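Just so you know, ligand 1 is whichever comes first in the structure, and atom 1 is the first atom listed for that ligand. These figures come from a predicted structure and were not determined experimentally.
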Amino acid sequence: MKVGYCQFAPSFGDLDSTLARLSRLAGSMPDADVIVLPELCNSGYNFSSREEALKLSEPIGDSRFIRHLEELARKMNAYFVSGFNERDGEALYNSSVLIGPRGVIGSYRKIHLFMNEKNLFKRGDAGINVFDIGACRIGMLICYDWMFPEVWRIAALKGADIICHPCNLVLPGLAQKAVPVHALINGVYVVTANRIGREGAVTFTGLSTIASPKGEVLHQASPAGDEAFSIEIDVAAARNKMIAAGNDRFGDRIVDEYQYLTR
Ligand code: ACM
């Protein structure tokens with residue numbers, strides 16, 4: 001199967017422009033099976049107020065952005081993972097949605113909020129879930145979650161073969177160092193789809209990355225250009241957790257020694 005990403009700059013508050021450009025980029029990869037899009041792809045990132053973030057949010061069950069991706073997924077017979085500014089009643093979540101040819105399959109609400117996000121969004125409260133799409137099992141994390149090895153481990157322990165990671169990264173080069181290490185340590189593929197461009201004083205850093213269960217960087221995008229890229233992966237490689245003869249990444253864990261982590 002082929003996994004890929006679209007690296008581009010969603011247009012702040014201009015859904016028509018975002019949908020046109022993401023459709024063109026995704027459409028240039030007609031044989032991709034799983035396509036990851038950046039964080040907060042339906043709205044943009046740098047909100048001046050909670051009211052502005054609220055105005056540009058949508059409920060998962062009634063979203064023009066999601067209906068568009070559902071249509072694209074149907075036409076391409078593909079799956080999309082996209083960052084999504086989610087409204088649920090009065091609450092806002094910085095979410096990620098998994099959409100397939102038959103519609104929405106699942107979602108994730110970002111647990112580790114970055115800088116001003118803490119003033120806009122509720123912390124994720126729906127756990128870390130893994131979704132079986134037949135050809136593989138998909139886990140989702142978002143951007144600053146890259147800093148917390150615990151959540152990568154949970155997604156992998158729950159059976160993820162691929163961790164899809166929509167991003168709006170602003171700290172140059174840090175997550176791109178960590179992602180191949182998370183991939184290696186957990187024996188999973190990671191697709192980090194970052195955005196590019198500028199919103200006010202915030203500059204986004206591109207370098208979207210696909211990493212293998214061996215920790216290899218299979219591909220990395222440019223720091224500032226639009227890019228659609230997909231690559232063939234071997235899902236079986238993410239299901240073999242052996243790291244040496246007699247050493248299993250998961251089987252060798254000594255969880256009794258890890259209790260300190262939950263203090
Ligand atoms: C980030 O979490 N958007 C840096």
Side-chain angles (χ1 to χ4, degrees), residues 5-13 18 22 36-50 52-58 65 80-87 91-98 107-128 139-155 160 163-183 190-211 220-224 226-227:
Y5 59 76
C6 298
Q7 171 174 295
F8 72 114
S11 303
F12 189 89
T18 297
L22 84 79
V36 187
L37 305 176
E39 180 180 6
L40 293 174
C41 197
N42 62 328
S43 61
Y45 183 79
N46 192 12
F47 306 105
S48 58
S49 63
R50 189 172 183 283
E52 188 174 45
L54 191 64
K55 205 172 96 205
L56 299 177
S57 66
E58 299 177 287
F65 179 79
F80 284 88
V81 172
S82 179
F84 182 72
N85 179 0
E86 180 192 355
R87 182 168 71 242
L92 289 182
Y93 295 94
N94 181 340
S95 296
S96 173
V97 187
L98 170 63
S107 64
Y108 164 72
R109 290 172 167 172
K110 186 178 186 180
I111 291 173
H112 302 100
L113 298 172
F114 189 71
M115 292 182 75
N116 189 45
E117 293 171 32
K118 292 181 185 180
N119 302 317
L120 306 171
F121 298 104
K122 259 184 96 176
R123 173 175 78 68
D125 55 8
I128 297 155
M140 295 181 275
L141 295 173
I142 299 174
C143 206
Y144 180 51
D145 284 327
W146 70 264
M147 180 57 98
F148 303 90
E150 295 85 352
V151 290
W152 297 80
R153 183 64 105 199
I154 290 168
I163 298 180
C164 298
H165 183 216
C167 285
N168 281 183
L169 291 160
V170 295
L171 302 174
L174 298 184
Q176 289 88 350
K177 282 187 195 141
V179 156
V181 179
H182 291 311
V190 179
V191 181
T192 293
N194 195 18
R195 63 162 288 175
I196 55 166
R198 236 185 119 100
E199 285 181 7
V202 181
T203 300
F204 303 96
T205 58
L207 299 171
S208 296
T209 299
I210 302 180
Q220 190 161 76
S222 71
D226 279 8
E227 186 172 325

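- Atom 2 (O) of ligand 1 has its closest protein heavy atom at Lys110 NZ, 2.7 Å.
- If you look at Phe114 next to ligand 1, the close heavy atoms, those under 4.0 Å, all belong to the side chain.
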Next item on the list: Run the numbers on Tyr108 and Asp145 for side chain to side chain donor-acceptor pair (under 3.5 Å), then give the verdict.
Entry: CA-CA 12 Å; Tyr108 164 72; Asp145 284 327; 2.7 Å; yes
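- Atoms of ligand 1 found under 4.0 Å from any heavy atom of Glu39, numbered from 1 in the order shown, are 1 (C), 3 (N).
- In this structure, atom 1 (C) of ligand 1 lies nearest to the protein heavy atom Cys143 SG, 2.9 Å.
- Using a 4.0 Å cut-off to heavy atoms of Glu117, the atoms of ligand 1 that qualify are 1 (C), 2 (O), 3 (N).
- For the side-chain hydrogen bond (donor to acceptor under 3.5 Å, both in side chains) with Thr209, the qualifying choice from Lys177, His165, Gln7, Gln220 is Gln220, the only one to do so.
- The ring pair (Phe, Tyr, Trp, His ring centres under 6.0 Å) with His112 is formed by just one residue from the set Trp146, Trp152, Phe148, Phe121; it is Phe148.
- A heavy-atom separation below 4.0 Å is not found between His112 and ligand 1.
- Ligand 1 lies out of reach of Met115, whose nearest heavy atom is not under 4.0 Å from it.
- Between the Thr205 side chain and the Leu169 main chain, a donor and an acceptor come within less than 3.5 Å of each other.
- A ring-centre distance under 6.0 Å is not found for Tyr45 and Phe12.
- Within 6.0 Å of atom CZ in Arg50, more than 12 heavy atoms from other residues, nucleotides or ligands are found, so the atom counts as buried in its surroundings.
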